[in-house]
Protein chains: 2
Amino acid sequence: MNKLFLTEQFNDSISGVAYKSIHQKKRLLAYFAEHGPSAIGDLRRALHLSVPKVTALLNELMEEQFVKDYGKDNSTGGRPPNLYDLAAESAYFLGVDVHRTFVNIALTDFQKNIVKIKEQVPYTLSNTQESLDALCLLIKSFMKELGQSREKILGIGVNLTGRVNSATGFSYSFFHFEEQPLSEVLKDKLGIQVVLENDSRAMAYGEFAAGVVEQERNVLFLNLDYGIGMGMVLDGQLYYGKSGYSGEVGHMPVFDNNIICQCGKKGCLETEASGWALEERFKTRVRNGATTQLVQNQEHLKTIDLEAIIQVAESDDVLAIELIAEIGEQLGRGIAALINVFNPELVVLGGSLAATGDYIRLPLLSALNKYSLSLVSNDTALKVSNLGNRAGVLGACLLVQHRFLATKA
Amino acid sequence: MNKLFLTEQFNDSISGVAYKSIHQKKRLLAYFAEHGPSAIGDLRRALHLSVPKVTALLNELMEEQFVKDYGKDNSTGGRPPNLYDLAAESAYFLGVDVHRTFVNIALTDFQKNIVKIKEQVPYTLSNTQESLDALCLLIKSFMKELGQSREKILGIGVNLTGRVNSATGFSYSFFHFEEQPLSEVLKDKLGIQVVLENDSRAMAYGEFAAGVVEQERNVLFLNLDYGIGMGMVLDGQLYYGKSGYSGEVGHMPVFDNNIICQCGKKGCLETEASGWALEERFKTRVRNGATTQLVQNQEHLKTIDLEAIIQVAESDDVLAIELIAEIGEQLGRGIAALINVFNPELVVLGGSLAATGDYIRLPLLSALNKYSLSLVSNDTALKVSNLGNRAGVLGACLLVQHRFLATKA
DNA sequence: CCTTCTTTTTGATATTTTTAAAAAACAAGC
DNA sequence: GCTTGTTTTTTAAAAATATCAAAAAGAAGG
């Protein structure tokens with residue numbers, strides 16, 4: 001058994017005892033990843049194995065440095081069990097969260113801790129080979145700054161906006177220059193396995209695995225930015241749909257207006273309930289003479305952008321707060337529909353607009369009561385992301401880890 | 001090993017080799033249920049077991065009469081493999097599909113064949129103890145008519161409209177008279193394990209397991225009747241949501257009208273795109289002088305109901321067809337939203353309105369092109385149910401079978 | 001009709017895994 | 001501080017399972 005048996009994940013042809021061993025070990029590691037420090041007894045029950053077998057597996061994993069003995073647990077009356085958990089420094093995962101004007105890069109260890117993070121690294125995303133090369137350069141320079149952990153990086157997770165098919169590794173909205181899937185192209189350039197993911201889905205996973213989500217197994221995550229994206233965790237699993245295009249809530253036809261959406265259609269949720277709509281409305285109101293902290297005279301009008309509006313909202317700008325509440329109220333219409341369809345346990349508000357906290361959450365909540373079936377919406381909690389703008393990178397890292405520990409059937 | 005080891009499903013405490021054996025056998029049976037006749041080689045690969053082990057398990061299952069040897073497969077060049085499959089007559093499942101004015105009851109064998117079916121048995125569903133007792137009586141009298149198959153019924157599936165939590169066995173909209181879950185109450189009355197399910201979900205499962213669905217793993221099933229229900233199969237699993245209330249698409253707020261929905265809100269999808277809306281519009285049009293096969297004079301107006309409209313549509317009544325097309329078009333608005341959210345491989349139209357076939361499907365299809373993102377909707381096929389009004393009963397039967405064969409982890 | 005080729009099935013052996021019993025580790029009470 | 005009770009861990013024997021080689025069962029071609 002190779003020390004890096006984890007990388008065997010892409011080898012499907014193994015069978016018999018070799019497969020079984022890898023499978024069992026992965027299940028153990030996945031259990032640790034989900035439940036934290038555990039005793040042999042817990043593992044036995046969860047994996048349906050005998051105690052001696054678990055002991056043997058743990059010994060192997062400890063030999064291979066993936067697992068550590070974390071000492072005794074509090075006694076429950078008799079002999080206290082030994083606790084085991086993942087060895088933090090045995091493997092690392094790199095996450096790259098690509099935005100339109102910047103990139104977040106982070107490295108996490110095997111225990112999901114952020115080892116190193118660089119946020120808001122300037123970068124311009126465009127659908128060109130140069131932009132792709134620049135991204136690779138950024139990643140490489142980040143890796144250069146790492147110590148011995150560099151050799152232990154098992155995989156790199158990359159979040160992109162738009163249409164991403166995580167299973168095949170294809171990105172269609174950006175960097176689709178070759179016949180090969182982008183994940184392969186990147187793997188060749190960076191020398192490490194690459195997992196591609198849609199940005200909203202990665203954020204959703206971040207919150208699910210290490211964020212505001214606790215025990216909930218059915219969670220909707222809304223990525224509120226200029227547009228509206230959604231990532232879903234259903235029955236404890238990230239949901240992709242047929243080709244990984246799921247979660248396009250921004251273009252749900254819920255309004256009867258005449259605003260032309262970017263997608264070319266009318267009545268989309270995004271036309272009235274997005275950061276884009278917020279910015280437009282804010283500008284219109286200012287033009288019509290509304291007062292705000294943000295603009296003293298018409299000259300400043302062009303400095304208004306979504307980020308600025310969110311910022312002044314935090315310092316209690318009346319106009320910003322009023323308009324954000326409006327957005328929240330209208331968003332409620334869409335989310336109500338989603339709650340009726342999914343009956344989720346939790347809806348998480350994330351993305352840049354979520355930074356406004358209760359300013360958007362409370363109006364949304366009252367809209368939910370108005371639009372969704374009460375019995376269903378009573379089942380559903382509404383929380384604001386607690387990872388904030390780190391949800392994306394963290395999600396990218398953790399998704400790679402998850403991929404490595406995943407075993408089908 | 002008891003012959004009826006299948007009933008051990010509710011016993012969670014078994015462990016070790018006993019658990020393993022049951023688990024393995026169930027996996028074998030589940031594989032047969034999903035894939036039909038299979039050779040040892042297929043089973044070996046799918047279950048990650050050795051050939052001698054599979055042989056031994058099959059021998060046991062054949063001893064227990066659950067599996068039969070179905071002779072040789074066509075050779076692929078060498079020795080032809082033996083094919084094995086479920087023994088049809090080894091176990092039976094009873095399904096009860098409860099509607100407001102009638103009940104469908106059916107018995108299926110272990111190979112998913114309908115052994116006996118009674119459709120449209122008159123019955124009045126109301127939320128009273130009498131109605132519940134009457135239902136039990138119907139079921140019992142159906143069972144009395146069965147031969148030796150009666151003793152081999154492993155479980156009874158019951159479909160109810162409204163809010164049903166299949167996991168706990170509680171029904172909230174109907175028959176919630178005791179503290180005990182309704183499934184337990186029924187089990188006590190009927191003497192056999194009962195599985196409760198929401199009607200739309202059961203229909204969805206019926207189509208998924210034995211209907212129009214082929215290889216697709218992400219399927220939305222629409223139950224188009226007076227109201228609109230939805231059942232979803234996501235990643236090959238029936239989706240329930242937190243408490244089993246998922247799929248409430250009828251009350252998605254997508255219109256900007258002033259029609260008050262049954263749920264008390266305005267703008268619901270149901271107000272313009274349901275059987276209820278169809279009937280209302282039909283009546284209004286007739287009142288305003290439109291001509292139709294259905295009504296010669298105003299006297300006949302009260303005989304109009306959804307079923308009648310669907311019937312005359314089939315005999316090419318212009319008004320009916322025109323209005324059904326309208327409904328389809330408006331339904332498209334809602335389904336477009338769902339397609340954007342789920343990126344399903346297939347949307348199945350079921351329920352009584354689906355009997356109108358292309359009359360509803362084609363307008364719906366063109367609306368989909370109008371309202372949903374083309375890239376996403378190109379992924380999605382739209383088909384009409386092929387089980388028709390048997391989807392419900394069959395779904396009920398097959399869901400029970402599925403429950404028995406299900407193994408967690 | 002026999003030989004050769006391919007693939008499945010069976011059987012014997014080796015390995016893995018479980019079971020059950022013994023040992024070890026700690027808490028609490030005397 | 002020792003004994004007893006409880007729970008975990010280790011150990012060795014028993015059971016289950018996989019591997020590998022041999023046999024069997026057809027198909028194809030001469």
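In what follows, every chain begins at residue 1, and chains take the letters A, B, ... in the order their sequences are listed. Worth knowing before you read on, the calculation uses all heavy atoms, side chains too, and leaves out hydrogens, waters and symmetry mates. The model shown is predicted, which means the values in this text are computed figures rather than measured ones.
Distances were taken from every side-chain heavy atom of A/S50 (C-beta onward) to each of C/dT19, D/dT10, C/dG11; the shortest belongs to C/dT19. Among the nucleotides D/dT10, D/dT8, C/dT18, the one closest to the side chain of A/P81 is D/dT8. Distances from the side chain of A/T55 to the nucleotides D/dA18, D/dT10, C/dC26 place D/dT10 closest. The side chain of A/R79 sits closest to D/dT9 out of D/dT9, C/dT10, D/dA18. Nearest nucleotide to the B/I40 side chain, out of C/dG11, D/dT17, C/dT9: C/dT9.
Between B/Q148 and B/Y92, the side chains place no donor N or O within less than 3.5 Å of an acceptor N or O (distance only, hydrogens not considered).
Side chain of B/D235 to backbone of B/Q237: no donor-acceptor contact under 3.5 angstrom is found. Between the A/S149 side chain and the A/L146 main chain, no donor and acceptor come within less than 3.5 Å of each other.
Taking the six-membered ring for Trp and thresholds of 30 and 60 degrees, B/F404 and B/F93 have ring planes inclined between 30 and 60 degrees apart. Classified by interplanar angle (parallel below 30°, tilted 30° to 60°, perpendicular above 60°), the ring pair B/H23/B/Y19 is parallel.
To the nearest angstrom, C1' of D/dT8 lies 12 Å from CG of A/D42. Distance B/L43 CG to C/dT8 P: 12 Å, rounded to the nearest Å. Atom pair A/M62:CE and D/dT9:P shows a separation of 11 Å (rounding to whole Å applied). Counting to the nearest Å, the C1' atom of D/dT17 and the OH atom of A/Y19 are 16 Å from each other. One atom, NE2 of B/H48, and another, C1' of C/dT16, lie 18 Å apart when rounded to the nearest Å. A/K20 places its NZ atom 9 Å from the P atom of D/dT19, with the value rounded to the nearest Å. Atom pair A/L58:CG and D/dT8:P shows a separation of 15 Å (rounding to whole Å applied). Atom C1' of nucleotide C/dT10 and atom NZ of B/K53 are separated by 16 Å, given to the nearest angstrom.
Side-chain N/O atoms of B/Q24 include none lying less than 4.0 angstrom from OP1 or OP2 on D/dA16.
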